[in-house]
Amino acid sequence: MKYISTRGDRTERRFCEILLEGLAPDGGLYLPLAYPKVDAATLARWRGLRYAELAFEILSLYIDDIPAADLKALVDKTYTAEVFGSEAIVPVRRLGDSGLMIEALSNGPTLAFKDMAMQLLGNLFEYELARRGEQLNILGATSGDTGSAAEYAMRGKKGVRVFMLSPHGRMSPFQQAQMFSLQDANIHNLAVEGVFDDAQDIVKAVSNDLAFKRQYKIGTVNSINWARLLAQVVYYFAGYFQATKDNSEQVSFCVPSGNFGNVCAGHVARMMGLPVKHLVVATNENDVLDEFFRTGSYRVRGSAETHETSSPSMDISKASNFERFVCDLLGRDGARVRTLFGETLAREGVFTLNAEERAHVADFGFQSGKSTHADRLSTIRSTWARFATLVDPHTADGVKVAAEHVEAGVPMIVLETALPTKFAATIREALGREPERPAVLAGLEALPKRFTVVPAQVDVVKAFVAEHCQD
Ligand SMILES: *Cc1c(COP(=O)(O)O)cnc(C)c1O
C-alpha cells in the first residue's frame with residue numbers, strides 16, 4: 001500500500017515514511033491510494049479472531065514495509081488483557097432493550113480511547129527508530145487526554161523522548177496526577193504559566209523554526225497521524241463482530257467527536273466493506289461538524305467562539321481529520337480539496353459544498369446531532385437510572401445523540417471514549433456521587449509529581465529541550 005496527499009501531491013510514500021510525519025509537504029493529509037475491500041469470506045474468517053489477530057490482519061493490508069513477523073510481534077505486545085483490562089480488549093455491552101450498545105474503548109492506561117491507537121504508535125515508533133538508528137523528541141501541547149495517552153505510550157521507549165506542555169494548574173487533579181506522576185527519564189512535563197492556547201502557540205513556534213527542529217529532531221504525535229487512524233479502524237470491526245450474530249447484519253455507530261479522528265476510522269472501516277448503516281457524529285456545544293452535516297457548510301471557529309464545556313476533549317474549533325473524509329466525498333479530487341481547505345477556508349474561515357457534492361454525503365452514511373451540558377447531565381442520570389450504567393460526559397453526548405437516531409433492527413453502538421472517573425466533577429454534578437475508580441489507580445493524586453513550571457516563552461522551552469534531549 002502507498003500513501004498520497006489529500007491536496008493533489010501524488011508522490012507515493014510507504015507506511016514507514018509517513019509514520020513519523022505530520023502533514024504532507026503540500027499541507028494535505030495522507031490517505032492510502034485506495035481502501036482495500038474485505039470480501040465475505042475474509043469477513044467470515046475474521047469473526048473468530050482475537051483482537052490482536054484481527055489487528056494484525058487489518059494492519060497488514062496497509063503496511064507492507066514491516067516484515068509480517070515483526071508486525072505480528074508489535075501488535076501482540078500492544079493489545080493484551082494486561083494493558084486493556086480484558087481478553088475482549090473492547091468489550092461491547094447492551095443498554096437494556098434500548099437498541100443501544102456501548103463499546104468500551106477506555107480501559108487502557110489513561111482511561112480514554114486515545115490509548116487504543118497511541119499504545120500501538122509507541123511500539124511502532126520504537127521499532128522504526130531503532131531500525132533507522134535515529135532518535136525523536138516529541139513536542140506537544142495538551143489540555144488533558146492526548147498528552148497523557150502519548151506519555152503512557154512512549155514511557156521507557158528507546159530512542160523517544162516526550163516534552164509535553166500543559167497549562168499550569170488548569171488540568172483536572174486526576175489528569176495532572178496521571179501525567180506528573182510518571183518518573184520515566186524520557187518523559188518531561190512542562191507546566192506553562194498560561195492557558196492551553198499559549199502552550200499550543202509555543203509548540204507551533206518551535207516547529208516553525210526548521211533549523212531547531214532539524215537539529216533537535218523534533219516530532220509530534222498529533223491526531224492527524226495516519227497510523228493512529230489505522231489502529232482505530234480495528235475496533236470498528238471488533239465492535240461489529242460482538243454486536244451481530246453473522247455478517248448479513250448491519251450496525252450503526254455513534255461517535256463522540258471533536259477532531260473527527262475517531263469517526264474517520266469508522267468511515268475507513270465502512271469503505272473497506274464493513275456492514276455499517278450509519279455513522280452518527282455526536283458533538284457538544286462546539287458543533288462545527290453537526291452544522292456541516294446539517295447545512296453543507298464547514299465553518300471553523302475562533303478561540304473566542306470555542307466554548308469550554310463539560311466534555312472538554314471535544315472542545316475544538318477546527319476538526320483536523322475532516323479533510324480526509326471530504327477528499328473521499330469529492331472523489332479524491334485533490335485540486336478541489338486544495339481549493340476548499342488551502343484557499344477558501346484559509347481566506348474566509350468557511351466553505352460550502354455545491355448541490356451535487358452535498359447530494360453525495362448521504363452515500364457515506366453520515367448523520368449527526370449535538371448535545372449540551374444539560375443533555376449531558378440528564379443522560380448520565382437516565383443511563384444510570386435505567387441501565388445501572390455510569391457513562392462519562394463525552395460518552396453521554398454519544399448516548400444522547402444515538403438515542404435520536406436508533407432504528408429498529410439495527411444495533412446502534414456508542415463508542416465509550418473515556419471512563420467516568422476521569423471527569424468526576426460532572427458525575428458529581430449529575431448524580432451527587434463519586435464515580436468508581438479502577439483499583440490500580442487508587443491514591444494516584446498522592447504519588448510524587450515530577451514536572452517543571454516554565455513561563456510562556458518560546459526561548460525557555462527551546463533551552464529546556466536542548467538541555468534535556470541528550471539524556
Ligand atoms: C479525543 C477525545 C474525543 C474526540 O475524539 P476525536 O477523534 O477528536 O473526534 C472524545 N472523547 C474523549 C474522551 C477524547 O479524549
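Whatever order the structure lists them in is the order used to number ligands and atoms, beginning at 1. Note that the structure is predicted; figures quoted are calculated from it, not measured.
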Checklist entry - Any idea which atoms of ligand 1 are less than 4.0 Å away from a heavy-atom of Gly261? => result 6 (P), 7 (O), 9 (O)
Checklist entry - So, is the end of the Arg161 side chain (NZ or CZ) under 6.0 Å from the ring centre of Phe125 and within 45° of the ring's axis? => result no
Checklist entry - For atom 14 (C) of ligand 1, which protein heavy atom lies nearest, and how many Å away is it? => result Lys114 NZ, 2.9 Å
Item to check | Aromatic ring proximity Phe260/Phe322, centre distance under 6.0 Å | outcome: yes
Checklist entry - With a 3.5 Å cut-off and no angle check, do the side chains of Asn286 and Thr306 form a donor-acceptor pair? => result no
Checklist entry - Would you say Phe423 has any N or O atom under 3.5 Å from an N or O of ligand 1, going by distance alone? => result no
Next on the checklist: If the cut-off is 4.0 Å to any non-hydrogen atom of Asp145, which atoms of ligand 1 fall inside it?
Outcome noted: 12 (C), 13 (C), 14 (C), 15 (O)
Checklist entry - What is the closest protein heavy atom to atom 6 (P) of ligand 1, and at what distance does it sit? => result Asn259 N, 3.6 Å
Checklist entry - Would you call the rings of Phe366 and Phe293 parallel, tilted or perpendicular, where under 30° means parallel and over 60° means perpendicular? => result parallel
Checklist entry - Relative to the heavy atoms of Ala418, which atoms of ligand 1 are at a distance of less than 4.0 Å? => result 13 (C)
Item to check | Parallel, tilted or perpendicular: rings of Phe325 and Phe364 (30°, 60°) | outcome: perpendicular
Checklist outcome for this item: Closest to atom 7 (O) of ligand 1 among protein heavy atoms sits Asn262 N, 2.9 Å
Checklist entry - Looking at Phe113, which atoms of ligand 1 are within less than 4.0 Å of one of its heavy atoms? => result 1 (C), 2 (C), 3 (C), 5 (O), 7 (O), 14 (C)
Checklist entry - Would you call the rings of Tyr62 and Trp226 parallel, tilted or perpendicular, where under 30° means parallel and over 60° means perpendicular? => result tilted
Checklist entry - Should Asn123 and Lys157 count as side-chain neighbours, where that means a heavy-atom distance under 4.5 Å? => result yes
Item to check | Within-cut-off N or O pair, Met314 and ligand 1, under 3.5 Å | outcome: no
Checklist entry - Should the ring pair Phe113 and Tyr235 be called parallel, tilted or perpendicular, given that the plane angle runs from 0 to 90° and is split at 30 and 60? => result perpendicular
Checklist entry - Looking only at protein heavy atoms, which one is nearest to atom 12 (C) of ligand 1, and how far off is it? => result Thr417 OG1, 3.5 Å
Item to check | Identity and separation of the nearest protein heavy atom to atom 9 (O) of ligand 1 | outcome: Gly258 N, 2.8 Å
